[in-house]
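Letters go in sequence order (proteins before strands), and every chain restarts at 1.
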Amino acid sequence: MSEPTFTTLVSRWYEENARDLPWRGADVSPWAILVSEVMLQQTPVVRVLPAWEAWLARWPEPATLAADSPAEAIRMWGRLGYPRRAVRLRDCALAIVERHGGRVPDRLDQLLALPGVGTYTARAVAAFAYGQRHPVVDTNVRRVVCRAIAGEPDAGPATRPTDLVATEELLPVEPAAAALASAAFMELGAVLCVARSPRCGACPVESICAWRASGREAPAGPTRRPQRYAGTDRQVRGLLLGVLREATGPVPHQRLDQVWADDIQRSRALSGLVRDGLVEPVGESSFRLIGDGPPVPVR
DNA sequence: CATTCGTGGAC
DNA sequence: TGTCCAAGAAT
């Protein structure tokens, strides 16, 4: 017999050490898994946990969400961030009802065609909800494979086709084992092989990690990112939406004017919210969350 | 390929 | 009110 492979070691570690996350349960529906995946897009697990429970208690299946207003979806989204995801998730529920009879599709191409579902989420649902054999590459998997297999510090910010190929080569042939391995890769990246201070001492593949062998080389050049938040349109949008979320129905613009002093930037942010389908004008001088009441008469 | 899009917690 | 980052998607 040969030595245990990378995949075997990580899978074994996962079976012993996986966090007890509710969407990993045996009786969790594809819809519930899809909701978890969308919420987890750029939002930490600890903040998703309560939101996921509340969301599914209210909308246990796609049709129930599709029948409710986008405004309510935005409110239930709370402060998970990137509220467009809430509207897209409702659009997704509508599409599931209209195209797939209310059942989350199991084909990759059909999943990819759903609003708010991209390369990662489509594959995650196909693998975790339906047990199919697909490489599931998120930021964690990309980092783990890049380090342990390629021996490089880190990959770029975006998932590339080569990342899918490299990960696919690591998957067991048997679909269920492949899905478990994907979850294991993600877990390793989320818990041990983290971006800043990886805990290599506790890692199940420390002895065969290419990055470890090369001395844990640091990432190259200063990959600067416009990560700042204070003073950006994003912050202003968040403030505006916060007011609209707390209100019921239309809000006079005078109240919105109070959240930010700069007229130019505030107007731009508000226009952006309208353009993005999160907010709609009501009458001459009021705004509300999209669909938060009877349709606005058009003239 | 580069940008935009929230939010809050750990350093 | 500094920096980094957390299961991405859409454009």
Side-chain angles (χ1 to χ4, degrees), chain A residues 14 18-19 21-24 32-52 74 77-89 91-92 111-129 134-144 154-164 167 179 182-191 193-198 218-219 222-242 244-245 259 268-269 271-279:
Chain A
Y14 177 77
R19 291 168 293 175
L21 302 178
W23 43 83
R24 288 175 175 166
I33 291 175
L34 173 56
V35 171
S36 78
E37 295 298 345
V38 173
M39 287 185 169
L40 286 163
Q41 293 167 3
Q42 303 287 281
T43 300
V45 167
V46 290
R47 282 164 53 199
V48 166
L49 286 168
W52 182 79
I74 293 171
W77 197 254
R79 305 186 68 79
L80 290 181
Y82 295 148
R84 287 188 298 187
R85 289 182 293 165
V87 175
R88 289 201 186 117
L89 186 51
D91 290 340
C92 178
L111 286 164
L112 266 174
L114 297 172
V117 175
T119 304
Y120 162 75
T121 303
R123 291 166 175 280
V125 171
F128 303 144
H134 298 291
V136 182
V137 182
D138 71 336
T139 183
N140 290 311
V141 176
R142 198 169 63 250
R143 183 173 56 249
V144 165
D154 244 313
T159 299
R160 306 166 172 290
T162 55
D163 296 323
L164 286 177
T167 303
S182 290
F185 296 162
M186 291 176 62
E187 187 78 350
L188 187 67
V191 175
C193 196
V194 294
R196 265 185 291 191
S197 303
T223 57
R224 59 179 57 185
R225 294 170 186 169
Q227 184 65 36
R228 77 190 187 286
Y229 179 64
T232 62
D233 284 4
R234 261 186 216 186
Q235 182 184 22
V236 182
R237 287 168 59 113
L239 292 169
L240 291 170
L241 203 63
L244 293 163
R245 199 163 42 211
V259 308
R268 188 173 63 227
S271 299
L273 289 171
V274 172
R275 184 179 59 248
D276 291 346
L278 292 165
V279 172

For [X], which contact category applies under a 4.0 Å heavy-atom criterion: base, sugar-phosphate, or nothing?
{"X": "Leu80(A)", "answer": "base"}
{"X": "Ala124(A)", "answer": "nothing"}
{"X": "Arg245(A)", "answer": "sugar-phosphate"}
{"X": "Gly118(A)", "answer": "sugar-phosphate"}
{"X": "Val46(A)", "answer": "nothing"}
{"X": "Arg24(A)", "answer": "base"}
{"X": "Arg84(A)", "answer": "base"}
{"X": "Arg123(A)", "answer": "nothing"}
{"X": "Trp23(A)", "answer": "base"}
{"X": "Arg47(A)", "answer": "base"}
{"X": "Leu21(A)", "answer": "base"}

From C-beta outward on [X], which listed nucleotide comes closest to its side chain: [options]?
{"X": "Thr121(A)", "options": "dC5(C), dG8(C), dG6(B)", "value": "dG8(C)"}
{"X": "Tyr229(A)", "options": "dA9(C), dA7(C), dG6(B)", "value": "dG6(B)"}
{"X": "Ala195(A)", "options": "dC5(C), dG8(B), dG6(B)", "value": "dC5(C)"}
{"X": "Arg160(A)", "options": "dT7(B), dC1(B), dA10(C)", "value": "dC1(B)"}
{"X": "Arg196(A)", "options": "dG8(B), dC4(C), dA9(C)", "value": "dC4(C)"}
{"X": "Asp138(A)", "options": "dA7(C), dG8(B), dG6(B)", "value": "dA7(C)"}

What's the [atom1]-[atom2] distance between [X] and [N], to the nearest Å?
{"X": "Gln42(A)", "N": "dG8(C)", "atom1": "CD", "atom2": "C1'", "value": "5 Å"}
{"X": "Leu239(A)", "N": "dT1(C)", "atom1": "CG", "atom2": "P", "value": "14 Å"}
{"X": "Tyr82(A)", "N": "dT3(B)", "atom1": "OH", "atom2": "P", "value": "15 Å"}
{"X": "Leu40(A)", "N": "dA7(C)", "atom1": "CG", "atom2": "C1'", "value": "5 Å"}
{"X": "Arg85(A)", "N": "dG8(C)", "atom1": "CZ", "atom2": "C1'", "value": "8 Å"}
{"X": "Arg228(A)", "N": "dG8(B)", "atom1": "CZ", "atom2": "C1'", "value": "19 Å"}
{"X": "Leu111(A)", "N": "dA9(C)", "atom1": "CG", "atom2": "C1'", "value": "15 Å"}
{"X": "Gln235(A)", "N": "dT1(C)", "atom1": "CD", "atom2": "C1'", "value": "9 Å"}

Just by distance, do the side chain of [X] and the backbone of [Y] share a donor-acceptor pair under 3.5 Å?
{"X": "Trp52(A)", "Y": "Ala32(A)", "result": "yes"}
{"X": "Arg85(A)", "Y": "Gln41(A)", "result": "yes"}
{"X": "Arg142(A)", "Y": "Asp163(A)", "result": "no"}
{"X": "Arg268(A)", "Y": "Asp233(A)", "result": "no"}

Task: Residue pair Val136(A) / Tyr120(A), side-chain heavy-atom distance below 4.5 Å - done: yes
Open item on the list: Quick check on DNA chain B: between Asp276(A) and Arg79(A), whose nearest nucleotide comes earlier from the 5' end?
Closed with: Asp276(A)
Open item on the list: Can you tell me if Arg237(A) touches the phosphate of dG6(B), counting only side-chain N or O atoms and a distance under 4.0 Å to OP1 or OP2?
Closed with: yes
TODO: Taking atom P in both dA9(C) and dG8(B), compute the distance separating them and give it to the nearest angstrom.
DONE: 23 Å
Open item on the list: Would you measure the distance from the P atom in dA7(C) across to the matching atom in dC11(B) and give it in whole Å?
Closed with: 15 Å
TODO: Identify, between Ala122(A) and Pro44(A), the residue whose nearest nucleotide on DNA chain C lies closer to the 5' end.
DONE: Pro44(A)
- [ ] Let me know, please, whether Glu187(A) or Ala230(A) comes out on the 5' side of the other along DNA chain C by nearest nucleotide.
- [x] Ala230(A)
- [ ] Tell whether Thr159(A) reaches the base of dG8(C) with its side chain through a donor-acceptor pair below 3.5 angstrom.
- [x] no
- [ ] Determine the minimum heavy-atom distance between Phe185(A) and Val141(A), stating which atoms define it.
- [x] CB-CG2, 3.9 Å
TODO: From the options Leu164(A), Val117(A), Leu111(A), Asp138(A), select the one residue that forms a side chain to side chain contact (heavy atoms under 4.5 Å, CB included) with Arg123(A).
DONE: Leu164(A)
